[in-house]
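Quick one: the structure is below, questions incoming.
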Amino acid sequence: AQSVSQHNHHVILSEAASLELGCNYSYGGTVNLFWYVQYPGQHLQLLLKYFSGDPLVKGIKGFEAEFIKSKFSFNLRKPSVQWSDTAEYFCAVNANNAGNMLTFGGGTRLMVKP
Amino acid sequence: DGGITQSPKYLFRKEGQNVTLSCEQNLNHDAMYWYRQDPGQGLRLIYYSQIVNDFQKGDIAEGYSVSREKKESFPLTVTSAQKNPTAFYLCASSIQQGAGELFFGEGSRLTVL
């Protein structure tokens with residue numbers, strides 16, 4: 001079955017630490033990749049997306065993600081986190097051979113200690 | 001302000017009762033979706049609609065029903081047949097189904113007592 005895996009369910013970091021959240025998917029073929037973020041008490045919002053082109057994509061608030069096709073991965077990174085990055089992060093994938101429906105990973109809850 | 005409005009934000013229900021969650025969008029999007037969010041399971045698709053008067057089951061449609069009589073509105077009914085209805089429900093929309101980027105409402109938290 002097609003799936004999206006986020007292996008880190010909970011991450012705790014201190015401010016200024018570097019962040020990398022893993023995301024792997026099991027689809028073959030052409031995919032579109034997304035990271036969404038849900039800040040406490042707020043709605044889910046798009047952080048960044050990859051459709052084609054440069055596999056290193058930059059999003060809002062200093063986040064970036066790299067699409068590595070050979071590894072079926074789309075890891076999220078940020079060089080230096082802030083307390084305000086405390087949120088839940090969701091990786092999502094839609095694939096041409098899956099009816100273009102968006103499938104979400106289980107989410108990673110990030111807590112940044114001030 | 002364009003966006004998606006879900007109501008109510010919090011809802012309590014007794015076992016055996018049906019409850020309807022409202023979702024309205026003023027983004028002029030064709031496609032609308034309902035997801036259920038449970039801790040550690042991410043978002044799972046309940047139903048989606050690509051166009052008015054049409055909707056399709058998602059991965060976990062059992063115990064739920066929807067309607068799409070107007071482009072702007074996509075209400076979700078949680079029926080008494082849903083075995084584990086306590087959850088956080090998210091409505092979303094996109095320009096078209098498969099367009100990729102979804103826009104989400106703030107969610108409705110349903111608790112069954």
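Reminder, nothing fancy here: chain letters follow the sequence lines and each chain counts from 1.
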Between Leu46(A) and chain B, with a heavy-atom cut-off of 4.5 Å, which part of the residue counts as in contact: side chain, backbone, both or neither?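 Looking at Leu46(A), just its side chain touches chain B.
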
Shortest non-hydrogen contact from Asp54(B) toward Arg68(B):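 Shortest heavy-atom separation between Asp54(B) and Arg68(B) comes out as O-CB, 4.3 Å.
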
Lys NZ or Arg CZ of Lys49(A) over Phe34(A) ring: under 6.0 Å, within 45°: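 Output no; distance or angle outside limits.
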
Give, as side chain, backbone, both or neither, the part of Glu106(B) having an atom under 4.5 angstrom from any heavy atom of chain A.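 Answer is both: backbone and side chain atoms of Glu106(B) are under 4.5 Å from chain A.
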
Taking the side chain as every heavy atom from C-beta outward, state whether Ile12(A) and Leu110(A) have any pair of such atoms under 4.5 Å apart.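 They are not in contact (no side-chain heavy atoms under 4.5 Å apart), so the answer is no.
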
Heavy-atom neighbours of Arg44(B) CZ exceed 12 at 6.0 Å: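 Buried by this count: over 12 neighbours within 6.0 Å.
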
Heavy-atom proximity to chain B below 4.5 Å, by part of Gln42(A):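 Contact with chain B involves no heavy atom of Gln42(A) at all.
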
Go through the atoms of Tyr35(B) and report whether side chain, backbone, both or neither lie under 4.5 Å from a heavy atom of chain A.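 Side chain only.
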
Between Arg109(A), Gln38(A), Gln6(A), which residue shows the highest count of heavy-atom pairs closer than 4.5 Å to chain B?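 Heavy-atom pair counts peak at Gln38(A).
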
Would you name the heavy atoms of Lys71(B) and Gln25(B) that are closest together and state the gap between them?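 Looks like O-NE2, 3.2 Å.
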
Between Tyr89(B) and Ile46(B), is any pair of side-chain heavy atoms under 4.5 Å apart?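 Yes - at least one pair of side-chain heavy atoms lies under 4.5 Å apart.
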
Measuring heavy-atom distances to chain A, does Leu43(B) have an atom under 4.5 Å in its side chain, in its backbone, in both, or in neither?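 Contact with chain A is through both the backbone and side chain of Leu43(B).
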
Which answer fits Gln37(B), side chain, backbone, both or neither, if we ask what part of it has an atom under 4.5 Å from a heavy atom of chain A?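 Just its side chain gets close to chain A.
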
